[in-house]
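Numbers restart at 1 for each chain; the letters A, B, ... are given by sequence-line order, proteins then strands. Values below: every heavy atom of this structure, side chains too, minus hydrogens, waters and symmetry copies.
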Number of protein chains: 2
Amino acid sequence: MTTRQLHLNLFLHDTGHHEASWRLPDADPHALLDLAYHQRLARIAEDARFDSLFLADSPVLFGDVGRRPQGRIEPTVLLAALAVTTSRIGLIATASTSYNEPFNLARRLSSVDWISDGRAGWNIVTTAGEAAARNFGLEDQPLHRDRYARASEFLEVATKLWDSWEDDAVVADKAAGVHTLADRVRAIDHRGPHFRVDGPLNAPRSPQAYPVLVQAGSSEDGKAFAGRWAEAVFTAQPTIEEARAFADDVKRRAVENGRDPEHVKILPGIVPILGDTEEEARELEAELDRLIRPEYAREQLARTLRVDPESLAFDRPLPDDLPDEDEIEGAKSRYTLIVQLARRESLTVRELIGRLGGGRGHRTFTGTPVQVADTIQEWFETGAADGFNIMPAVLPSGLEAFAEKVVPILQERGLFRTEYTGRTLREHYGLPRPANRLSAEVASRDAVLSS
Amino acid sequence: MTTRQLHLNLFLHDTGHHEASWRLPDADPHALLDLAYHQRLARIAEDARFDSLFLADSPVLFGDVGRRPQGRIEPTVLLAALAVTTSRIGLIATASTSYNEPFNLARRLSSVDWISDGRAGWNIVTTAGEAAARNFGLEDQPLHRDRYARASEFLEVATKLWDSWEDDAVVADKAAGVHTLADRVRAIDHRGPHFRVDGPLNAPRSPQAYPVLVQAGSSEDGKAFAGRWAEAVFTAQPTIEEARAFADDVKRRAVENGRDPEHVKILPGIVPILGDTEEEARELEAELDRLIRPEYAREQLARTLRVDPESLAFDRPLPDDLPDEDEIEGAKSRYTLIVQLARRESLTVRELIGRLGGGRGHRTFTGTPVQVADTIQEWFETGAADGFNIMPAVLPSGLEAFAEKVVPILQERGLFRTEYTGRTLREHYGLPRPANRLSAEVASRDAVLSS
């Protein structure tokens, strides 16, 4: 038995990560707007002792409303509701640094942390795509580099706001009539190229101080950002070698930022398609792929690749003259991953669509529970992963299968907890509660003044 | 028995609307950050068949952190959590049009409406004060008139986003592989002086279509806005005559906007301080007023009046040379109300502080349950009110007393429901579900084209 423990995050996505999952006979195509559906999924994950569950998000409706369910509940609202019917599992909301104000978002995340007694996480995204930009007064999306520059400054502001109250600021002295000590609550007076924010926040320092900071970009800018800020990284890694190189790279960057590499958890995505036999698993996968409408999928692929859909022939490989990653101002790492996958495995457009329908670039693993557990163990023990972002192809059935059949194997092997030992999301992931940067600054200034 | 029914909204505010309520022996000074506390209050109000509960809000920490609890949970987050443990009561969040993006806020309100099965309301505020402005990149607050111009355009954008999906857009046709009909989901392509928003929203039209639109400004701009948009108006009215004039004024403006005056509910605030005898009620009031720290309260008053605190002598009336309402760019109607109250009743600064500590300009009613019920009935039956915004001086005890002692009297008199008859907040208030403006526009354009 190893002392290092595996981490599991449930990536909640519609009726499942396979784009045709809503068309299965048992699927509820209205589930995305149904609180009871999400409560049920959260309960299954919590009963299986998952560290956390996670909601992706983008403030935009993508083009193909026919293709799959798209109307959804905003993550901080949904997670606040899920906080009520769960007690241990972490709750990670995606929110954009490009299309929020730091004061408002820092405050809502602090609120979720209060409501959940310290179970909030924030998946930090810069939001690719001009469609989103056009919901916020812009003609086109900001450049990739500018989005990351704004994201860095956003984090500076947000962490200062979370530190604007000392932990001991509230004294609640009824006799003296003093609720909070004024000198323990400080303005932040942030002045930067993107933001001017006076603060302080209008909430005390929350149970975790900061939500767990999660990030998923794997471009150069994305990895630099992760090295500086991320405490957990969601990533799409097709092979164990690439995953290990990625993990080493991000942890090295954390060290360069003066951080402990143990405090950055690498969580590759995995799409398990489970069967009691390999054959059963392959049948389920084939059934799902048959339900993909190829013309929708081709349009989606063409948009990611920034090419005309007509230029993609179903039974031929991708065209040679695709743009370079440098020219892509959208989701750079997604783009590169898809192109490399198609080239490496010489896939036709139709085959590529099948692969993306399941995992959208993440590793689809079709097999028996033992086979999936073996893979997880191998990746975990060789440093390719600190845990996994579990992306069931079909929900809730794929989650139920994973919880009932794979998790017990991982527990028997001593890789995964059988009971929660911590209370907060930080405790689940073995992450420290951040020290207060602003009070440290004040203390060192006072020391200089008195010396 | 009258067929017109009274409406009751619970204004949740800290440990009560009296600023010293947190200092009472039974008060929990940490209650504001405690979900269980809010769940308890919501349950009491729902058991008493209140139409709704409401949370005020401003994205700022005001100066006096010593004076009373200020750190709080953001309203859409808190109401999402309360939606889970209630099933009928309406949930009204305050949110600012000056410091939000329409896409984000329209979406969160739609999300709360989905989560609660049609119980969301939005108290629309423009957010006075330069301290809030300085959390959002501005040096000072926008002018009062500009804030209202932005608010009007914000409502144009938000309602178009809520109408961007037809009610019948989602068909969920599994066999055909068509989830949503693309021609029933439309871009809004809004272009205006404050906002450019393409849309559509990334959520279907919610159970109520729009949250119930509530507003509370009583300045000229505020009343004009209410006439155009508000379906319920919270207002501070010190006398029955002024309340009736106000109600007539707002309803006349609604008619001028082509609206049914019955679809604007006027809800004056009332701070009940209840005792089984008048003497007992007066003792409670006196106990509360003794707990106000006058130096804090004077600073707060000075800020509202835009004068130096030192210019306010405790045992003298307000100085004569106060600014005109025209010069106030903050909360105009609050300013005027306070100055008029002080002048009309020749109050000293100390007496004025006592009055404001309880009701902050709202009518404080100290007496027995029958006396309070008599007042409510008189205001309701003479057209001064369609219902009341109940602001207990102390929570939860003041709410419990109102629910146990005043509500049954109102029910016996046939003024107030004994059971909920509707499901949604709109149904509680007798408000229609809005027709879809965008689909009406398309229909009339098609009619022109084919004629």
Side-chain angles (χ1 to χ4, degrees), chain A residues 20 22-23 27 29-30 33 35 58-61 65-74 76-78 80-81 83-85 99-101 103-104 107-108 111-112 114-115 131 134-137 165 169-170 172 174 177-182 185 195-204 291 293, chain B residues 20 22-23 27 29-30 33 35 58-61 65-74 76-78 80-81 83-85 99-101 103-104 107-108 111-112 114-115 131 134-137 165 169-170 172 174 177-182 185 195-204 291 293:
Chain A
W22 71 273
R23 297 181 66 189
H30 307 288
L33 297 160
L35 178 59
S58 194
V60 65
L61 186 72
V65 293
R67 185 179 170 207
R68 63 173 306 164
Q70 278 210 55
R72 67 196 65 232
I73 300 168
E74 190 278 332
T76 59
V77 166
L78 180 52
V84 178
T85 48
Y99 304 119
N100 278 289
E101 286 283 341
F103 191 94
N104 288 338
R107 184 183 175 205
R108 290 216 310 287
S111 293
V112 174
W114 277 109
I115 288 256
R134 295 174 66 91
N135 286 333
F136 296 90
W165 292 54
V170 175
K174 290 183 181 181
V178 175
H179 187 272
T180 298
L181 298 175
V185 180
F195 304 111
R196 303 169 49 104
V197 180
D198 276 11
L201 195 64
N202 55 351
L291 292 173
R293 278 187 57 164
Chain B
W22 70 274
R23 298 182 65 190
H30 307 288
L33 297 160
L35 178 60
S58 194
V60 65
L61 186 73
V65 293
R67 186 179 168 204
R68 64 173 305 165
Q70 278 210 53
R72 70 196 63 231
I73 299 167
E74 190 278 332
T76 59
V77 166
L78 180 52
V84 179
T85 49
Y99 304 120
N100 278 290
E101 287 283 342
F103 191 93
N104 288 338
R107 185 183 176 205
R108 289 217 311 288
S111 291
V112 174
W114 277 109
I115 289 256
R134 296 174 65 92
N135 286 332
F136 295 90
W165 292 53
V170 175
K174 290 183 182 183
V178 175
H179 187 272
T180 298
L181 298 175
V185 180
F195 304 111
R196 303 168 51 102
V197 180
D198 277 10
L201 196 63
N202 55 350
L291 293 173
R293 276 187 58 165

Query raised in the report: Do the side chains of A:R67 and A:V65 get nearer than 4.5 Å, heavy atoms only?
Result: no

Query raised in the report: Between B:V197 and B:F103, which heavy-atom pair has the shortest distance, and what is it?
Result: CG1-CD1, 4.5 Å

Report summary line: Note: vs chain B, highest number of non-hydrogen pairs under 4.5 angstrom among A:L78, A:T85, A:L35, A:N104 is A:N104

Requested in this report: Would you name the heavy atoms of A:R23 and A:L291 that are closest together and state the gap between them?
Outcome: NH1-O, 2.6 Å

**Report entry** Interatomic distance, A:D198 atom CG to B:L61 atom CG [nearest 0.5 angstrom]
**Finding:** 12.0 Å

**Report entry** Residue part contacting chain A, namely of B:I73, when any heavy atom lies under 4.5 Å
**Finding:** both

Query - Structural part of B:A83 lying under 4.5 Å from a heavy atom of chain A - result: neither

Query raised in the report: Using non-hydrogen atoms only, which part of B:V185 is less than 4.5 Å away from chain A: side chain, backbone, both, or neither?
Result: side chain

Report task. Please look at B:L201 and chain A and tell me whether the side chain, the backbone, both or neither of the residue comes under 4.5 angstrom of a heavy atom of that chain. Result -> backbone

Query raised in the report: Of all heavy-atom pairs between A:P29 and A:P69, which one has the smallest distance, and what is that distance?
Result: O-CG, 4.1 Å

**Report entry** Which portion of B:A27 sits near chain A, non-hydrogen atoms under 4.5 angstrom
**Finding:** both

Query raised in the report: So, for A:I115 and A:A80, which heavy atoms are closest and what is the spacing to 0.1 Å?
Result: CG2-O, 4.1 Å

Report summary line: Counting heavy-atom pairs under 4.5 angstrom with chain A, the leader among B:A203, B:G177, B:G137, B:G199 is B:G177

Report summary line: Sorted by chain and number, sequence neighbours left out, side chain to side chain contact (heavy atoms under 4.5 Å, CB included) with B:P204 holds for A:L33, B:W114, B:W165, B:V170

Query raised in the report: Using a cut-off of under 4.5 Å for heavy-atom pairs, which of B:N135, B:V84, B:N100 has the most such pairs with chain A?
Result: B:N135

Query - Contact winner vs chain A - B:R107, B:H30, B:E101, heavy-atom pairs under 4.5 Å - result: B:R107

Query - Under 4.5 Å from a heavy atom of chain A, the part of B:S58 involved - result: backbone

Query raised in the report: Is the shortest heavy-atom distance from the side chain of B:R108 to the side chain of B:V77 under 4.5 Å?
Result: no

Report task. Could you tell me which of B:F195, B:Y99, B:F136, B:W22 has the largest number of non-hydrogen atom pairs under 4.5 Å with chain A? Result -> B:W22

